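In each ligand, atom 1 is the first atom listed, and ligand 1 is the first ligand listed. All figures in this text were calculated on a predicted structure; none of them were measured in a lab.
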Amino acid sequence: MALDRETLNQFISTLDRFVRERLIPLEEQVSREDRIPSTVIDEMKELGLFGMTIPEVYGGLGLSTEEECQVVKVLGRTSPAFRSVFGTNNGIGSQGLVMDGTEDQKAHYLPKMATGEIIGSFALTEPDVGSDSGAVKTSATADGDDFILNGTKRYITNAPEAQLFTVFARTNPDEPGARGVSAFLVDADRPGITLGPNNRKMGQQGAHVCDVIFENCRVPKSAIIGGPENLNRGFGTAMKTLDRGRLHISALAVGCANRLIEESVAFATERTQFGQAIAEFQLIQAMLADSKAEAYAARCMVEETARRRDAGEDVSTEASCCKYFCTEMVGRVADRAVQIHGGAGYIADYAVERFYRDVRLFRLYEGTSQIQQLIIAREMTTGATV
Ligand SMILES: Cc1cc2nc3c(=O)[nH]c(=O)nc-3n(C[C@H](O)[C@H](O)[C@H](O)COP(=O)(O)OP(=O)(O)OC[C@H]3O[C@@H](n4cnc5c(N)ncnc54)[C@H](O)[C@@H]3O)c2cc1C
């Protein structure tokens, strides 16, 4: 444990109150305006939410994976767009630096990421490079003490707000696969970087995604995560980063499932048909019970995997099992929640309509469900991780 039990419990109950009293009442407004009020972002900064997983020595809370999952489960009870604001600073936007950065790189960026002064984004995906992420085409060409970046990164979360990009680019043009890729820390205000327009999305309004375009963007060799000796080792950094991120998304899915179940029980108890509350119909009860049982199973697997990771075990396969099961689970729970609400479930006044769209993303990013299946099965059949 990074925090003592009492401090952690206090933090969780403060967050629980913040979610219920501050964030849930704003959900509809944020969705409609596609914007999270800056006062709320300031409150998130004060709570320390931008630096939950950044080590204490750099000003973060230094939460263990188990603690992070407990906290994220609480945050999952409200629109995932809120979590997305600080999600990259705790996950894919900072962890490459935390795990593989040099001391100088960490001291330079992490304290400002922990306070939320710097927003970090993770730029791996490209127009032609998605699941096959080792096939990165963005080029980084050596030029004296610098590299020159050219290429387009696609669907980059928080890019419109970011001050720092972790960019994966090909430093060895003769090596077409993962072994020719390096990870660079690139300040967003460097010349040669432009952003595309914000993508219009199915859900999670308030969280922003766009293209990041590099045109002759010059970065020093010292910008390689871990320094120049980590040349061509960036893909390993990406995979380690995504491992922890998979547990984060899994815990988030469990939190969202809990909220959807809460909404479903409240509606089923209130709504009457045929002269009785619909909650008394066994077919409705079956849907509630299936959702509860699946959410409970998901919670248990996340807790166990997080604990084992904190104990130093290699949990790559189990993290993929969690990401696969938990994100598919919340899709089923959301679908049942809409069904239990009847026609109301299709109407935007009800939270379940929005959550149904919001949680769809979890099965797609940070490795689709099919990619998780491949990772799990490959380890089972060959003992090799991918
Ligand atoms: C809102 C949003 C935010 C995102 N944020 C980020 C971000 O911050 N940083 C970032 O780098 N990326 C980000 N992404 C990109 C995301 O990670 C990719 O979209 C995802 O990895 C899938 O890649 P793709 O879209 O190219 O789909 P593809 O890889 O083209 O996949 C299309 C379909 O084919 C399947 N498929 C592919 N390969 C195989 C295979 N070998 N076997 C079986 N099926 C396969 C996939 O599962 C999927 O069903 C984001 C995406 C979205 C939508």
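Ligand-side atoms of ligand 1 in range of Glu366: 17 (O), range being under 4.0 angstrom from any heavy atom. With ligand atoms numbered from 1 in the order given, ligand 1 contributes 7 (C), 8 (O), 9 (N), 10 (C), 11 (O) to contacts under 4.0 Å with heavy atoms of Phe122.
Side chain of Thr171 to main chain of Leu231: no donor-acceptor pair is present (N/O by atom type, distance under 3.5 Å, no hydrogens or angles).
Atom 30 (O) of ligand 1 lies below 4.0 Å from none of the non-hydrogen atoms of the protein. Shown here, atom 34 (O) of ligand 1 is out of close reach of the protein: none of its heavy atoms lies under 4.0 Å off. Distance check for atom 7 (C) of ligand 1: a protein heavy atom is found below 4.0 Å. Counting only heavy atoms, the protein gets under 4.0 Å from atom 13 (C) of ligand 1.
The protein atom (non-hydrogen) at minimum distance from atom 51 (C) of ligand 1 is Tyr155 CB, 3.6 Å. Ranking protein heavy atoms by distance to atom 53 (C) of ligand 1, first place goes to Leu361 CD1, 3.6 Å. If you check which protein heavy atom lies closest to atom 42 (N) of ligand 1, you get Leu374 CD1, 3.7 Å. Counting protein heavy atoms only, atom 38 (N) of ligand 1 is closest to Ser131 CB, 3.8 Å. For atom 44 (N) of ligand 1, the closest non-hydrogen atom of the protein is Gln370 CB, 3.7 Å. Gly130 CA, 3.1 Å is the protein heavy atom nearest to atom 26 (O) of ligand 1. Looking only at protein heavy atoms, the nearest one to atom 21 (O) of ligand 1 is Leu364 O, 3.9 Å. For atom 18 (C) of ligand 1, the nearest protein heavy atom (residue, atom name, distance) is Thr125 OG1, 4.1 Å.
A 4.5 Å side-chain heavy-atom check between Gln204 and Phe362 finds at least one atom pair inside the cut-off. At a threshold of 4.5 Å between non-hydrogen side-chain atoms, the residues Glu27 and Phe82 count as touching. The shortest side-chain heavy-atom distance between Val71 and Leu15 falls under the 4.5 Å cut-off.
Between Gly367 and ligand 1, not a single N/O pair is under 3.5 Å apart. In terms of polar-atom proximity, defined here as any N/O pair under 3.5 Å, Thr157 does make such a contact with ligand 1. Residue Leu124 has at least one N or O atom closer than 3.5 Å to an N or O atom of ligand 1.
When Glu303, Glu66, Glu313 are each tested for a salt bridge (Lys or Arg N to Asp or Glu O under 4.0 Å) with Arg308, only one passes: Glu313.
In summary, the side chains of Glu126 and Thr152 do not present any donor paired with an acceptor at a separation below 3.5 Å, with no hydrogens or angles considered. At a cut-off of 3.5 Å, with distance as the only test, a side-chain donor of Asp314 or Ser316 sits close to an acceptor on the other residue.
In this structure, SG in Cys326 is found 13.0 Å from CZ in Arg246, a value given to the nearest 0.5 Å.
Atom CD of Gln282 sits in a sparse spot, with 12 or fewer heavy atoms from other residues, nucleotides or ligands closer than 6.0 Å.
In plain terms, the two heavy atoms of Val330 and Thr327 that are nearest each other are CG1-O, 3.4 Å.
Using a 30° and 60° split on the angle between ring planes, Phe274 and Phe281 fall in the perpendicular class, above 60°.
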